[in-house]
Every structure is written in structure tokens, then in C-alpha cells.
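For ligands, and for the atoms within them, numbers begin at 1 and follow the listed sequence. Only a predicted model underlies this, so the values are computations on that prediction, with no experimental measurement involved.
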Amino acid sequence: MISSIPARFFFLVNAITAAAQQAAFSAQSETLFEFHHPIKSVAVVGAGPAGLQAAAKLVEHNFTVRIFERAPSPGGNWFYTDETPAREPYPDRPIDEGAVIPINLPATRYYEEGDDNLSLEDRWKEHWQPRPVWNNLHTNSPAVITELPDVKYSADSPWVLSNHDIQRHVRAYASFHNLNSNDYQTSSSAPPVTSYSTRVEKLEKLELTQTWRLTLRKLERLPEIGKFKAQWWTEDFDGVVIATGPYVSPHVPQIAGIVDWSKARSDAGEYSIYHSQSYRRPGRYQNKTVLIVGASVSASEIARDIGPYAGKVIASIRVRTPHSEPHPFQLRSLRRFPNTTEFVPEIAHFDPLDVHDHGIKDGIIQLVNGTELHGIDEVCTHRFQEQYCMAQSTAAGGPENLHWTGHYIPDPTLAYTNVRPWTMGKYQSYAFAKVWEGTAHLPTQKKMQEDYDSGKYSFGGFFGTHPSEALFRQYVAWLNNESLKNGGRLVAPWPVKNREVFVYYSNSEWAEGYASLANFTDFEVLPASQWPTRNQESAAAWDALVYSDLSW
Ligand SMILES: Cc1cc2nc3c(=O)[nH]c(=O)nc-3n(C[C@H](O)[C@H](O)[C@H](O)COP(=O)(O)OP(=O)(O)OC[C@H]3O[C@@H](n4cnc5c(N)ncnc54)[C@H](O)[C@@H]3O)c2cc1C
Ligand SMILES: NC(=O)c1ccc[n+]([C@@H]2O[C@H](COP(=O)([O-])OP(=O)(O)OC[C@H]3O[C@@H](n4cnc5c(N)ncnc54)[C@H](OP(=O)(O)O)[C@@H]3O)[C@@H](O)[C@H]2O)c1
Ligand SMILES: *[C@@H]1O[C@H](CO)[C@@H](O)[C@H](O)[C@H]1NC(C)=O
Ligand SMILES: *[C@@H]1O[C@H](CO)[C@@H](O)[C@H](O)[C@H]1NC(C)=O
Ligand SMILES: *[C@@H]1O[C@H](CO)[C@@H](O)[C@H](O)[C@H]1NC(C)=O
Ligand SMILES: *[C@@H]1O[C@H](CO)[C@@H](O)[C@H](O)[C@H]1NC(C)=O
Ligand SMILES: *[C@@H]1O[C@H](CO)[C@@H](O)[C@H](O)[C@H]1NC(C)=O
Ligand SMILES: *[C@@H]1O[C@H](CO)[C@@H](O)[C@H](O)[C@H]1NC(C)=O
Ligand SMILES: *[C@@H]1O[C@H](CO)[C@@H](O)[C@H](O)[C@H]1NC(C)=O
């Protein structure tokens, strides 16, 4: 049962297939999307949990694959380093500001300390963007739903793993599939699949060949001559997977006066306001008064980490509009703040500072309810902006107009990893490989767009909720349906035993009844026609979660 497909499921697939065969034959060209030319080579942007899986599947299916990853190692979000990211811009700035690309490619440039007013260290950070994870970060998802295929955790591993465990796990997956930074192909003279320290600067579709051109920039440190070497070049592909992750780029709240305060540094020279992306360790907060802006997951977890050190932790929370009920994750965060945390309302503005080299302790913060806050040592904000597109992507759309498989409807040679990589990534990766090798077919663009616009296949939901369960079902049924018709391996549904652990976890961590085995078991026996869509489900599911004991 655990790794095989339940008999019930076979019936379902066979029944659907038998009924549909004739229709499929007669109307194939009108109902199925056809590619301009066969997809042979695919670029994957990003070597996080999503990109690595997509690449491994595409390699298994004999595509010519290249992964481009701006960081020097695999892991994505989970590549922890003590090195912190470059200072975030104040005021907030959209991420897709154009990269500077030399006119004639390929090109090489050597940088020295201070070129363009940038230190080598900052140039390095700007290139690969160290991750927004801290030393003591632990997962807020249990191990069974934070696991990549092929490299299982041991059966007795704890529910909650440290960021370092996840980092090793993702690295192990990369190594297992020969995609790690020090893995080279042994059998041919082809370059390694993965090019690390390589940022995709631009993505464009070439009209003539109907292929994708990626403009790439690799940065190397040359410590022996005290310089950095940047190389720009282009590579062309038939298909592209964008796996650049949801949380790489910081978002600074647009609070009046924040730009002035962002210039303030402590006597020790450290910025007094910063984004949580730079948070690493609690030691520096000894006896300090720390204001955390926001009260979501980063806020509560950082508050817990610094709580034992800080003199005082204050959290500024935005007032909610009546109809936005707090999500159980936010309620969990509220519960997890240290019990000494003082909650205050939203910040109206920061009064101008007299000096910027003596911290912010003498500064005044105005709250929306008219009260002033004084004596704050540090302000930590946390918010990320979605980062699906790379800098200067000209032809690539955003994550809008995606078929539920992640294919970009206006041009399905482009696909985005838009599901939880740990749980659904393997299905999505297989879907990419099957669609591009021709053993699974997408509907016509018109049909895909209609489905998209109707919201019928917009399975928003998070793991463990009905909408996400519906998406699992959709993937498994569709992939197997297509394999039975066109060839390829069948896939098994998500193991029911994982659900059980997930239910225990979510009951204890989030909200009793957030997910229940009863709900899932009922769901399991529903005929496909009754699988819930997001629109039917979300209202009921969220209604069940409204808490009455909220005091903010
Ligand atoms: C603080 C924090 C804690 C989290 N905790 C959890 C948790 O407990 N459980 C959970 O399930 N999720 C958690 N997440 C979410 C996390 O994003 C996912 O777990 C997961 O890493 C997403 O995988 P991904 O491959 O889609 O993206 P990522 O892991 O973000 O990987 C994307 C990769 O794309 C690369 N990239 C981006 N742009 C370019 C470019 N232009 N060129 C080349 N490479 C590029 C990046 O360098 C990165 O390596 C957390 C996120 C944060 C910020
Ligand atoms: N494993 C872990 O423990 C862990 C730790 C950190 C993050 N994560 C994951 O990373 C993702 C991002 O989490 P996150 O907490 O960093 O970001 P987030 O969930 O986007 O939270 C940002 C918070 O900032 C608040 N905010 C923004 N501007 C504000 C202002 N001016 N005043 C007051 N509050 C303001 C937002 O409030 P509104 O809701 O009103 O917009 C929101 O609560 C999540 O998926 C999370 O699960 C996991
Ligand atoms: C990939 O190529 C190998 C060698 O030709 C072949 O044995 C294998 O079946 C191919 N894999 C897929 C998924 O087509
Ligand atoms: C470098 O900084 C100096 C002084 O701040 C400024 O005058 C100059 O224009 C800057 N140069 C570049 C290339 O940004
Ligand atoms: C923190 O405050 C306590 C009590 O006031 C004091 O004993 C201690 O020395 C302080 N520590 C630091 C690092 O300032
Ligand atoms: C607050 O938490 C600490 C330990 O984290 C505990 O010792 C203390 O009793 C708690 N105080 C209250 C009022 O709950
Ligand atoms: C405003 O909020 C602060 C912090 O929670 C509180 O101490 C103060 O009493 C509030 N002021 C008013 C006028 O409600
Ligand atoms: C299976 O394929 C048939 C024929 O293309 C189609 O009509 C049916 O909707 C498919 N079922 C699923 C679950 O994808
Ligand atoms: C689970 O099922 C119970 C009983 O039918 C229902 O009350 C509850 O709302 C369901 N929970 C979710 C998250 O759907």
C-alpha cells in the first residue's frame, strides 16, 4: 500500500481511459497542444529542492540538461552560510531591475576592490544572494512533508529538523543525482549538468529558431591575485524550467521615515534597521531592546531565538481588516513568541534622526494609535517578494497564466515550479519530462486558458488541505492516464502514512482539526468528479478555523 498504487486507483484510471480513448483519437489535433519542434535541451534555473528534482527527472528522461544556480552550492533557500546577504535597498525596490550586460558576448571582466564603488565582498554577495536563514532555524513542516525522494531521512528522525539537516538532505539529493558542485560527468566530454555561481541575467525567446536564449554571468573569486572574474555568455535551449523559489528577495515595509532610519548605524558600525534575511545568531542582542515589525513566522521564530538574550522584545502588528481571519500559521506564530514579548500596533512613521552614527536609541517611533516608542536598539523587518522572474526577463511571463502543471500557457516550452517541492515536486518534475518528451499532452492553449480563467484548476491550498490533496489526485490521475495511453511509468499517490503524521503534527502545532484523518479518508473514497476544487473547499475549511480568543 505504501509504495504501490491502490487497486481502487487502477479502476479509476482504467475506467477514465477506456471511456476517453475514442474521443482522444478522433479529436487529437484539435484538443492537444503541439510543440513547434521536439524539445531536446532544457535549462533549469535554480538548484533548490524544486530545480534539482526537475533537472534529475529531465536527465533521467535523456534531455540535455543544464542547471544554472547563482549560489556556489546546491540547496536553494537551505544553503546556510554565516555570510549574510548584501544590504537590502531602502526604499523598497522591485527585484527585476535590469542587470548590466556587456554588449558583445561572450565577455570577461576582472574586478578589483572598490571598482564601481563596490567592495569585492559586496560584489560576491550581490551575485549569489546569501540565504535568509539563520543558524538555529528549524522547519515549520514535519520531516515527512519536507523530504526529497531517493534520499529518505531515517525512520526515527524528529518531526522538526534543523536548517542544517535540510541543507545536508538537499545536498545529498544533488549528489545522488550527480548534480552537486563537485560532481562531474564521467562518461563524456560534456560539461557538468550544473553551473554554480552562475546567475541567469536574461531570458529571451528567439523568433527564428523558436528557442530560448539565456544570458549567463558566472562570478569566480581569484584569491591569488585579489580579483574577481566575471564571465558572460549565452546558451540556447528548447525548454526552460524556472525554479527560482519564492523567498529569495527581501521586501522592506514602506513606512514613512524608514529611509532616514535605514542609514543609522550603531557605535559598533552595524545597521540598526535591517531585514530578517541578515539575521544569523542571537549573541549580538544581549540586553538590547529589539522591535520586530510583523508577527508572522520569521518574526516569532527570531523572537524565540533572541528572547533569552535580548533585554526586551517588542513586536509591531498590523491591524487586520474584519474579513481577514488569521491563518492557523499566524496563530501558531503568536503562540510561539516569548511570553515576555510586548505587542504594539503598526508603526505610523519614524521621526527624523539627528545623527546616523549613534544608533536609533534616541529616535522616536510613532505608532498608529498615537503612542510614541523610545529606546529601541534594533528594528528587524521580515517580508519577501515573490521572485519567479529573473532580472530583465524579456519574454518570460510572471507566474500568471500557468497551466496547473506549471507550464506557461502562452508558451508551454517555459514552465515554472509552482508547487510545494517537497511533496508535489516529483509529480511536477515528471509532468515536465512527459510533456516535453511527448508521453503526456497538454490541451490546446485555448483550453488551458479557459481552464485557467475559470479557476477550475487553481488548486491554491497548502499541504494537508483539501485543495492540495485535490492537486495530488489530479497529478496522479493525469500522469497515469497519459502513461497508459502514451507510455511511461505509473506513479503512486502520496503515501497515506505521511498524512497520518501530518495530521498529528498540524493538530499539535497549528489548530486541532486543521487536517484530520477522517477528512482525508472520506476524501479518498470520493469519485474524481467530486474532488473538491479550491473554491468549494476554502470557505468551509477556513470557517472551521476561526478562533474566538484573539485579543489583537
Ligand atoms: C526563513 C525561511 C524558512 C523556511 N522554512 C520552511 C519550512 O520549514 N518548510 C518548508 O516547507 N518551507 C520553508 N521555507 C520555504 C522554502 O522556500 C522552501 O522550503 C524551498 O526551499 C523552496 O524550494 P525552491 O527550490 O522552490 O526554491 P529555493 O529553495 O528558494 O531555490 C531557488 C534557487 O534559485 C536560485 N536562483 C534564483 N534566481 C536565480 C537566477 N536569476 N539565476 C540563477 N539562480 C537563481 C537561488 O539562488 C536558489 O538557490 C522557508 C523559507 C524561508 C525564507
Ligand atoms: N521554518 C520556520 O520556522 C520558518 C521561519 C521563517 C519563515 N518561514 C517560512 O517563510 C515564509 C515567509 O515567512 P515570513 O514570516 O518571513 O514572511 P510573511 O509570512 O510574509 O510575514 C511578513 C509579515 O510582516 C507583516 N508586515 C509587513 N509590513 C508590516 C508593517 N508595516 N507593520 C507590521 N507588520 C508588517 C505582514 O503583515 P500582514 O499579514 O498584515 O501583511 C506579515 O505578517 C513562510 O512560508 C514561512 O512559513 C519558516
Ligand atoms: C534514456 O536512454 C536510455 C539509453 O538509450 C534508455 O535505456 C532509456 O530508456 C531512456 N529513458 C527514457 C525515460 O526514455
Ligand atoms: C563613487 O562614489 C563617489 C563618492 O560617493 C561618487 O562621486 C562617484 O560618482 C561614485 N562612482 C560610481 C561609479 O558610482
Ligand atoms: C546585561 O544586563 C545585566 C543586568 O543589567 C548585566 O548584569 C549584564 O552585564 C549585561 N550584559 C551585557 C553584555 O551588557
Ligand atoms: C514565561 O516563559 C518562561 C520560560 O520560557 C517561564 O519560566 C515562565 O513561567 C513563563 N511566564 C508566564 C507568565 O507564563
Ligand atoms: C497604543 O498602543 C500602546 C502599545 O500597545 C499602548 O501602550 C497604548 O496605551 C495605546 N494607546 C492608545 C491611545 O490606545
Ligand atoms: C484521461 O484522458 C482522456 C483522453 O484524453 C481524457 O478525456 C480524460 O479527461 C483524462 N483523465 C484525466 C484524469 O486526466
Ligand atoms: C473535517 O471534517 C469534519 C467533519 O466532517 C468537519 O467538521 C471539519 O470542518 C473538516 N475539516 C476540514 C479542515 O475540512
message = Below 4.0 angstrom, counting only protein heavy atoms, does anything approach atom 4 (C) of ligand 5?
response = no

Atom 2 (O) of ligand 5 sits nearest the protein heavy atom Asn287 ND2, 2.2 Å

Going by the 4.0 angstrom heavy-atom rule, the piece of His382 near ligand 2 is both

With respect to [atom], which of [options] exhibits the smallest heavy-atom separation?
atom                    : options                : answer
atom 7 (C) of ligand 2  : Ser333, Ser162, Ser298 : Ser298
atom 11 (N) of ligand 7 : Leu367, Asn369, Ile314 : Asn369
atom 8 (C) of ligand 7  : Thr371, Val344, Val368 : Thr371
atom 37 (O) of ligand 2 : Arg318, His138, His251 : Arg318
atom 18 (P) of ligand 2 : Pro132, Ala315, Ser296 : Ser296

At a 4.0 Å threshold, what atoms of ligand 2 neighbour a non-hydrogen atom of [X]?
X      : result
Thr139 : 1 (N)
Ser316 : 33 (C), 34 (N)
Leu137 : 1 (N), 2 (C), 3 (O), 4 (C), 5 (C)

[X] bridged to [Y] by N-O distance under 4.0 Å:
X      : Y      : result
Glu301 : Arg336 : yes
Asp122 : Arg87  : no
Lys312 : Glu342 : yes

query: What do you reckon, does Trp134 put a non-hydrogen atom under 4.0 Å from ligand 2?
result: yes

Practice problem: With Arg199 as the cation and Phe68 as the aromatic partner, state whether NZ or CZ is under 6.0 Å from the six-membered ring centre and within 45° of the axis. | Solution: no

- Item | Face-on cation placement of Arg131 at Phe79 ring, 6.0 Å and 45° thresholds | no

Note: Asn287 and Asp377 closest approach over all heavy atoms is O-OD2, 4.5 Å

Between Tyr505 and Ser141, the two heavy atoms sitting closest are OH-N, 3.6 Å

Per-atom filter on ligand 7: closer than 4.0 angstrom to a heavy atom of Pro345 are 2 (O), 4 (C), 5 (O)

Note to self: More than 12 heavy atoms of other residues, nucleotides or ligands under 6.0 Å from NE2 of His358: yes or no?
What the structure shows: no

| query | Does Trp404 have its ring centroid less than 6.0 Å away from the ring centroid of Tyr452? | reply | no

Per-atom filter on ligand 5: closer than 4.0 angstrom to a heavy atom of Gln286 are 12 (C), 13 (C)

